[in-house]
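Have a look at the structure that comes next, please.
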4 protein chains.
Amino acid sequence: MTPSMPSPEATGDRPLRADARRNRERILAAAEAVFAEKGATASTDEVAARAGVAIGTVFKHFPTKQALLQAIMKGLLARLTRELEALAADGAPAEGLFAFIARMVEQAAQKRTVVGLLAEAGVGLQLGDSVQMLREGIGNLLLRAQDAGVVREDVRLDEVVALLVGVCQGALHAGWDPDLQRRTLAIVFDGLRTSEARASATGC
Amino acid sequence: MTPSMPSPEATGDRPLRADARRNRERILAAAEAVFAEKGATASTDEVAARAGVAIGTVFKHFPTKQALLQAIMKGLLARLTRELEALAADGAPAEGLFAFIARMVEQAAQKRTVVGLLAEAGVGLQLGDSVQMLREGIGNLLLRAQDAGVVREDVRLDEVVALLVGVCQGALHAGWDPDLQRRTLAIVFDGLRTSEARASATGC
Amino acid sequence: MTPSMPSPEATGDRPLRADARRNRERILAAAEAVFAEKGATASTDEVAARAGVAIGTVFKHFPTKQALLQAIMKGLLARLTRELEALAADGAPAEGLFAFIARMVEQAAQKRTVVGLLAEAGVGLQLGDSVQMLREGIGNLLLRAQDAGVVREDVRLDEVVALLVGVCQGALHAGWDPDLQRRTLAIVFDGLRTSEARASATGC
Amino acid sequence: MTPSMPSPEATGDRPLRADARRNRERILAAAEAVFAEKGATASTDEVAARAGVAIGTVFKHFPTKQALLQAIMKGLLARLTRELEALAADGAPAEGLFAFIARMVEQAAQKRTVVGLLAEAGVGLQLGDSVQMLREGIGNLLLRAQDAGVVREDVRLDEVVALLVGVCQGALHAGWDPDLQRRTLAIVFDGLRTSEARASATGC
DNA sequence: TATGAATGAGAGTTCATTCAT
DNA sequence: TATGAATGAACTCTCATTCAT
């Protein structure tokens, strides 16, 4: 991450006026909140009301509802990718994959976010390479964990992503208290571990 | 089970005329198909068309769309519970839990059914004790597997259900080819297994 | 026109309930009036209000605004075709073409009808063979007039239709009092006439 | 015509700054092009984009869309009036009227201009005396043609204008290839001609 | 009881117009 | 003065639900 790169939020094509960018951010935040609470079928009107702007303003920034959903998703995926890169940069490499998965599940449990929208809005969203970048980051963590002997060699990225999506989805449903979350993830993590890592992990 | 007892689907309060019951079944079947294909946002008009009845008939039997969704869910859960009881009655008790989970995932992958509706229709559905009965059945399989030394003793029913919901959800997403399904479940099952069972399973 | 043929208005695919057909007619009449007054950009809401039905009813009968416009146009064209056939069936064949043109202009002047909608709604309308049938009827009148020596032999159907459309369009504009109408048509008709017919017509 | 007099398009109340007038011209040109292509329902945003100015600038010069349409119309009428005066000033007086009508039809067929806007925008436009001036020019040509014995004495200006509007309207519709245009106008012109002129014209 | 036409609130989207920058 | 973001009423269309037939 070079210091000269622009703020990651500024992914727009060209500079917006200050007030326009402020509104754009407010709309995105409002949309994230509204869709998190009520799902992707919540009305655009409600997003506008929550953002404190007129409905036309929402459609000026995001010409269709789909575009708004995509923008939210891209933002979330980018944020996750950055968290993931931070995890990779830090030490504790072996358990980094587990930490990241736990973090995502925790977030998903708080709001109907990434996976919730992915599931509800369906395949319609064109997320470009935002997803790809996240996959790559996860792939890095997986390799590192495998190199450290923590995760079995025969585990592939596809399964890890599938499990990630699954447990995040599951976490959306009622009744996932933090303890259940922890216990469920413990099972999945154990399934990923090598015998040796499992022995020491269980020992702890 | 006497032949005179009503079919388990007929959970209505009082007996219906023969044609009315026939319509009810057709509507349920049509609704299951339509919602499986297009998700819970498909229109009731389409359900009526597929069932070959008028829209008024649908609302006569199920006074709201929610009620229709609930009825589908109850039916599906009841069917699953019966499958599960059949599994429990048969032999192969130790691996019965895994077989059942695999079966559910397979079905979920084929259609947007149980879990899909649960996710889409949201928390609004009042499913009464249909869910409870299914939980109990799964609990039986779990106990049996634990008694046989296949599943770890510290695993609780809650985690199993959570994992079940999660992998079913995940299976709805694109790209879960049968092989990925198998590999993903293998990890989860490994996480559930005791060290001994794991050793022999891996040995196979 | 055989006596056994159904009422010409009943062009629907299958029989509608009495009340539904009544509403359909009311909507068509309202739409004709509203679009005649305000042009094709008048709102569907206004049509519904004028017809005394809810907006959903309009869209139940005509699933898009375009479909409603097309239905109006087809109705008008059919009505004109019938008038034209009546003219052809009656005597006075030589001047039948002129009588028909005059009739259309007169109607167009009263309301923004046929040609007005054709012009405003533009090329988007799929009018099927309604237009073709009208053209054929006009072609018959033209042939008859040419056989009678009233219209020049070198005049083709295309020009006649072009002139018809033009004068109807012109008649939509303000200031076409009946006298101006008559005088304008006199010029066009003279242009169509043979020298002989012209001499006698002028003589009258 | 002294070089210091303002261009005829600059009918504004008071002198504008050079850049302002330049913008005004660009907006008018853009509006003419856009409305010609897409009809009067095209959006003012599109006009601004084509003109390369901001939407606010358009509304600064023309406070409503109606005002913009009126300005376009006035410009077009003025241009036509000038063409017409040029025709009158040149020789070939007898056939000047026909030449002018043919020219207008040709233009109308190329773009949805004068008459198109008149028809679409409806009666709302206040065109002041721009129309009157055009009428007078046409009246001059008519007189001249009548003096030359080419057009019948009993033809009045009203009919000529009515026919002009009509054939221009007609020309907007699909299928008016140049040949059809010529043939249709030939009929109208013959209707206007005296017997003598007709004989010689037909002879050619 | 079944029918299916009617209802009407609400959705996404557009666009003439205003006004802070 | 020019900019262009914001406004919000209006539009087309959908669909769960009601009720006359």
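Residue numbering restarts at 1 for every chain, and letters A, B, ... go by the order of the sequence lines.
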Quick check on E/dA5: is either OP1 or OP2 less than 4.0 Å from any side-chain nitrogen or oxygen of C/T57? no
Without decimals, in angstroms, what is the distance between C/I27 CD1 and E/dA5 C1'? 10 Å
Can you tell me the distance, in whole Å, between the CZ atom of A/R22 and the C1' atom of E/dT21? 11 Å
Please give, in whole Å, the distance from F/dT7 C1' to A/D19 CG? 14 Å
Does the pair C/K38/C/E32 count as a salt bridge with the N-to-O cut at 4.0 Å? no
Does B/F62 have any side chain to side chain contact (heavy atoms under 4.5 Å, CB included) partners at least two apart in sequence or in another chain, and if so, which? B/R24, B/I27, B/L28, B/A67, B/L68, B/A71
side-chain hydrogen bond (donor to acceptor under 3.5 Å, both in side chains) with D/R50: which residues, sequence neighbours excluded? D/E37
In short, B/N23 meets B/H61 closest at the heavy-atom pair CB-NE2, 3.9 Å
Could you list, one pair per line, each protein nitrogen or oxygen that sits under 3.5 Å from a nitrogen or oxygen of nucleotides 13-15 of chain F, together with the distance?
unit_1 : atom_1 : unit_2 : atom_2 : d
F/dC13 : OP2    : C/K65  : N      : 2.8

Interatomic distance, C/F62 CZ vs E/dA5 P [rounded to whole Å]: 13 Å
Testing the basics here: between D/V47 and D/A30, what is the closest heavy-atom pair and its distance to 0.1 Å? O-CB, 3.7 Å
Let's see if you get this right: which residues in residues 47-54 of chain B place a heavy atom under 4.0 Å from DNA chain E? B/V53, B/A54
Going by heavy atoms in the side chains, are A/K74 and A/L77 under 4.5 Å from each other? no
Give B/N23 one of three labels, base, sugar-phosphate or nothing, depending on what nucleic acid heavy atoms sit under 4.0 Å from its own. sugar-phosphate
Got B/F35 and B/T41 here, is their nearest side-chain heavy-atom distance under 4.5 Å? no
Listed pairs under 3.5 Å, donor-acceptor, residues 53-60 of chain D side chains, sequence neighbours left out:
none

Reported CD-to-CZ distance for the pair C/E25 and C/R21, which is rounded to 0.5 angstrom: 7.5 Å
Dot-bracket pairing map - DNA chain F, Watson-Crick plus G-U, both contacts under 3.5 Å, | cross-strand: .||||||||||||||||||||
For the pair made of CZ in D/R24 and C1' in F/dA2, what is the distance, rounded to whole Å? 17 Å
Could you list the residues that satisfy side-chain hydrogen bond (donor to acceptor under 3.5 Å, both in side chains) with C/D45, not counting sequence neighbours? none
Between atom CG in A/L69 and atom P in E/dT13, what is the gap in whole Å? 10 Å
Value in whole Å for how far the C1' atom of F/dT1 lies from CZ of D/R21: 16 Å
N or O in side chain of A/H61 less than 4.0 angstrom from F/dA6 OP1/OP2: yes
Value rounded to 0.5 Å, distance of OG in D/S130 from CZ in D/R79: 12.5 Å
